[in-house]
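Each chain gets a letter, A, B and so on, in the order its sequence line appears, and its residues count up from 1. The shown structure was predicted, so the numbers you read here are calculated from the model rather than taken from an experiment.
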Protein chains: 2
Amino acid sequence: MSARRFFVEGAHARGSRVIITGGDARKIVSVLRLGDGDRIEVVDSTGAAFDARLQVDGGLVEATLVDVLERAPDDRRSIDVAQAVPKGTKMDFVVEKATELGAAAILPFYSERSVVRDAGAGKAERWRRVAKAAAQQSGRRNVPAVESPIEFASLVSRFSRYDLVLFPWELADRVPLRETLPALLAGARRVLVVVGPEGGFSHTEADAATAAGGRTVWLGHRILRTETAAMVLLAILEYV
Amino acid sequence: MSARRFFVEGAHARGSRVIITGGDARKIVSVLRLGDGDRIEVVDSTGAAFDARLQVDGGLVEATLVDVLERAPDDRRSIDVAQAVPKGTKMDFVVEKATELGAAAILPFYSERSVVRDAGAGKAERWRRVAKAAAQQSGRRNVPAVESPIEFASLVSRFSRYDLVLFPWELADRVPLRETLPALLAGARRVLVVVGPEGGFSHTEADAATAAGGRTVWLGHRILRTETAAMVLLAILEYV
């Protein structure tokens, strides 16, 4: 915990003003010798952290929460992306964009209609380098784990590790995501997004995914390329 | 209007059941000779079009609206994407993804910090070919217009044609989009998304954009590459 980090009881929000009392107030004024306009970090009871600007008036120490540094752990959603390995260098693109858009881990896999059945040795290493470069470029503090490709059956057996598995499928019920996603996301902290190959998932695969708890979702009338679907879902999940 | 398209009074929704009467019912049964399970298109008073499944029981003709084919014109939002021409072949990528994600038109432009100042003759033609291919691939009925590159000042002078101009800027107030976008979008039918070059917009440009009615928005803590920003906004605008 940084010397300038202070805990203030209650759940706060950006823009609100909090009063700092007791030993914390004395530390700010007498030890750190901070004054009007100086910045501190305020952490609230939910674990959310804020960048805060001080107003010091004699012994009265207040802080305005100007920016959220870290959402409360309960709010923070971790999203893994499972992607059927696409043709050519498209997986590089998926890894780059998924990293840029905040994916926690990337799980390449092969499925029934995968054109690519063996990405070849060294591919996972290459994707890890792409993830590292993209993480640096985007200012992320961490690099997403990129696993070596697995079979679809192995992927399905891991669904139980997640609170929610989103399974975009062009044959899913044609209900707009905005009508389904909020309820699906309620309380979901570990989310997996599973994107099929160029030819889509087979019915057998969709059945297996559903049986294992995956939720089929529909991404709209337009046909998205396999390398676009994960990006779209990551952008929406960040927005929601 | 297709022979199987029928107008049914009122504003309807996916899943609802409508009764078809009079000449339309006779046409369905006697002229088109349609029966249980056959599909027709139903248009309601708002202009929304539905894929509908018939139930015919003697003279009683009903239809269940199973899918929205076209939203009511009032609901339909048209989104143009203005993109500062990026380096290399990244504009191809922007055109492809913007087409896939439903952009109505694409406006390439040059700005203060653009590395590329002259995309070269033939580039606009190339982008139009990319748009056409992407439109076909994605099942769109129309191809977005791709204009020839213009200067930033010309772009700004066109802001008044839109109900809303979204101007993502890394120095915008750090308010999450989910807190700002719903109010900005209220009633906005013609929307323009303006994405800056690799080096971002200058303060002068942001001021000019704001003076012309553009609304600066913040896309989050992570730094998005210039070619990613439009995609993210298009995905979110489709979701909202």
Do side-chain atoms of A:H221 reach the backbone of B:G139 as a donor and acceptor pair under 3.5 angstrom?
-> no

Looking only at A:P176, A:G102, A:G220, A:A134, most heavy-atom pairs under 4.5 Å shared with chain B are made by A:G102

Taking the side chain as every heavy atom from C-beta outward, state whether A:W218 and A:E179 have any atom pair closer than 4.5 Å.
-> no

Go through B:V68, B:V232, B:L69, B:T228 and name the one with the most non-hydrogen pairs under 4.5 angstrom from chain A.
-> B:T228

What is the distance from atom NZ of A:K97 to atom CG of A:D92, rounded to the nearest 0.5 Å?
-> 11.5 Å

More than 12 heavy atoms of other groups within 6.0 Å of B:K132 NZ | no

Proximal component of A:R174, with respect to chain B [non-hydrogen, under 4.5 Å] = both

Proximity breakdown for A:V66 and chain B, heavy-atom pairs closer than 4.5 Å = neither

Looking at side-chain heavy atoms only, is the closest gap between B:M91 and B:V130 below 4.5 Å?
-> no

In Å, rounded to the nearest 0.5 Å, how long is the span from OH of A:Y239 to CG of A:L181?
-> 12.0 Å

What part of B:L101 is in contact with chain A, defined as an atom under 4.5 angstrom from a non-hydrogen atom: side chain, backbone, both or neither?
-> both

Residues 191-202 of chain A side chain polar contacts: donor-acceptor under 3.5 Å, at least two apart:
| unit_1 | atom_1 | unit_2 | atom_2 | d |
| --- | --- | --- | --- | --- |
| A:E198 | OE2 | A:K87 | N | 2.9 |
| A:S202 | OG | A:E112 | OE1 | 2.8 |
| A:S202 | OG | A:T204 | N | 3.4 |
| A:S202 | OG | A:E205 | N | 3.1 |

Ranking B:D173, B:L219, B:I223 by heavy-atom pairs under 4.5 Å to chain A gives rank one to B:I223

Portion of A:E96 that has a non-hydrogen atom of chain B nearer than 4.5 angstrom | side chain

Heavy-atom distances under 4.5 Å only: say whether B:E238 touches chain A with side chain, backbone, both or neither.
-> both

Answer with side chain, backbone, both or neither: which region of B:R14 has an atom nearer than 4.5 Å to a non-hydrogen atom of chain A?
-> side chain

